[in-house]
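Proteins get letters first, then strands, A, B, ... in listed order; numbering begins at 1 in each.
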Number of protein chains: 2
Amino acid sequence: MTSQQDSALHSDAANPSRREQILRAAAQLFAERGSRAVGVDDVGAAVGVTGPAIYRHFASKDAMLAEMLLRISERLLAGGTERVAAAGASPVDQLRALVEFQVDFALDNPALITVQDRDLGALTDRDARQVRQLQRRYVEEWVAVLARLHPEASTAACRARAHALFGLINSTPHSAGRVARPAMAGLLAEMAMAAALA
Amino acid sequence: MTSQQDSALHSDAANPSRREQILRAAAQLFAERGSRAVGVDDVGAAVGVTGPAIYRHFASKDAMLAEMLLRISERLLAGGTERVAAAGASPVDQLRALVEFQVDFALDNPALITVQDRDLGALTDRDARQVRQLQRRYVEEWVAVLARLHPEASTAACRARAHALFGLINSTPHSAGRVARPAMAGLLAEMAMAAALA
DNA sequence: GCCTCAGGTTAATCGCCGTTCACACTGGAC
DNA sequence: GTCCAGTGTGAACGGCGATTAACCTGAGGC
């Protein structure tokens with residue numbers, strides 16, 4: 001139904017391998033219905049093959065989900081640290097860089113955003129631990145910046161603030177498409193900045 | 001494990017019937033693992049009975065989830081309209097009333113908040129439609145207030161803004177417990193007001 | 001012209017889990 | 001005391017869905 005094609009998954013966006021096609025289709029389906037409600041046959045059908053063909057490319061359905069979530073977390077962490085580094089020394093500028101990065105990511109990859117916080121629990125302990133560790137490092141990036149903007153606040157409060165900002169920005173998938181992308185980006189960034197500095 | 005006892009489910013909080021116990025336990029489990037990952041036996045075990053005993057109180061596992069989500073939506077809608085009505089004519093006061101109501105609800109019922117937006121898709125079409133309709137009416141309550149505060153903004157933009165505020169406030173379950181309840185309530189309300197008025 | 005191998009296919013297998021069944025055990029109502 | 005409604009229990013049943021097995025094909029390399 002959706003023509004949405006979350007961009008953060010492809011190595012080679014132009015000519016995606018079958019493996020990449022599967023990951024993208026799976027992300028879309030997982031986001032719509034939840035990973036446990038999506039059958040291996042559904043994923044196969046979405047790329048024009050039968051269910052078991054998946055196993056030529058992934059060890060298991062869980063492995064697909066794991067790879068998906070690991071890539072997202074890595075991409076967020078890498079992008080976040082990069083943007084902060086490029087933003088100079090001003091905490092407000094750093095915050096703005098993080099906000100704009102997260103807004104762009106959420107608008108570009110609504111399905112991945114949805115899957116990430118809905119299906120973390122479906123991973124094996126081992127995979128989940130690894131994803132959570134990457135997520136934690138990304139959060140700490142935000143916490144460090146927020147701490148400089150609110151010197152009086154505890155670390156725990158800054159962490160809560162960071163999570164609240166993620167919730168705000170990641171609300172995108174819920175208010176799907178009725179507002180044009182640039183306007184939406186502006187609105188979310190503005191709200192996030194106001195909330196962050198309040 | 002958790003001593004959390006979401007309060008919005010009981011009619012008689014003091015001496016809950018077996019039926020209510022089941023709903024509470026199920027909400028907790030569903031929030032932790034997702035409704036599809038929780039077995040009927042798990043729910044039974046959580047209240048000290050075997051799985052099939054559930055069927056003395058609910059027609060099916062889906063019926064449990066449906067009742068849970070319907071109650072939440074009804075409670076939110078009722079609470080929201082009531083608070084707005086009691087807040088007088090000032091849009092800012094009305095907004096503050098809504099924000100404080102939502103913050104209290106989210107802090108009191110983290111499990112329900114989680115289940116509500118994670119497991120809506122597991123409902124039958126009929127039930128899902130009904131829940132969505134209640135949710136929509138609650139959202140419109142917010143949209144009406146936001147529209148008066150931003151007369152220049154489109155309805156769609158106000159709706160996006162409302163969803164963003166829900167995302168912010170409902171982030172509570174993700175930053176579980178490290179900040180004391182009153183401080184958390186203050187922080188979330190402050191951030192939400194700033195974001196709403198930005 | 002063969003051999004290999006990547007990538008598919010269809011037809012089992014197999015375990016899990018929602019649900020139903022047939023049979024107790026209560027504890028009031030009368 | 002009897003009876004019945006309400007609750008539970010353990011043992012099937014049945015379907016669904018992930019995985020595996022066995023077999024096929026077509027494109028290169030040699």
side-chain N/O A:Thr50 vs C:dG8 OP1/OP2, d < 4.0 Å: no
Length of the line joining A:Phe58:CZ and D:dT19:C1', which is rounded to integer Å: 16 Å
Phosphate OP1/OP2 of C:dG18: any B:Arg36 side-chain N/O under 4.0 Å: no
Touch class at under 4.0 angstrom, heavy-atom based, for A:Val43 against every strand present: nothing
Whichever of A:Gly51 and B:Ala59 has its nearest DNA chain C nucleotide further upstream toward 5': A:Gly51
Length of the line joining B:Lys61:NZ and C:dC17:P, which is rounded to integer Å: 9 Å
First of A:Ser35 and B:Ile22 reached from the 5' end of DNA chain D, by closest nucleotide: B:Ile22
Separation of D:dT7 P from B:Glu20 CD (nearest whole Å): 13 Å
For atom CG of A:Asp41 and atom P of C:dA11, their distance in whole Å: 13 Å
Among D:dT9, C:dT19, D:dT19, the one nearest B:Val40 by side-chain distance: C:dT19
Any A:His57 side-chain N or O less than 4.0 Å from OP1/OP2 of C:dG8: yes
Atom pair distance, as rounded to whole Å: CZ in B:Arg33 and P in C:dC17: 10 Å
Nucleotide nearest A:Arg18 when distance is taken to its side chain, options C:dT20, D:dG8, C:dG8: C:dG8
Lys/Arg N to Asp/Glu carboxylate O, B:Glu67 vs B:Arg71, below 4.0 Å: yes
Note, B:Arg159 side chain near B:Glu140 side chain (heavy atom, < 4.5 Å): yes
Euclidean distance, atom OH of residue B:Tyr55 to atom C1' of C:dT19 [Å, nearest integer]: 5 Å
Nearest listed nucleotide, side chain of A:Arg56, among C:dG7, D:dG8, D:dA18: C:dG7
Under-4.0 Å side-chain N/O to phosphate OP1/OP2 contact, B:Arg19 with D:dT7: no
Protein-nucleotide distance (A:Asp62, atom CG; D:dT19, atom P), rounded to Å: 6 Å
More than 12 heavy atoms of other groups within 6.0 Å of B:Arg178 CZ: no
B:Arg161 side chain to B:Ala196 backbone, donor-acceptor under 3.5 Å: yes
Touch class at under 4.0 angstrom, heavy-atom based, for B:Val47 against every strand present: nothing
Test: B:Arg181 and B:Asp108 ion pair at under 4.0 Å: yes
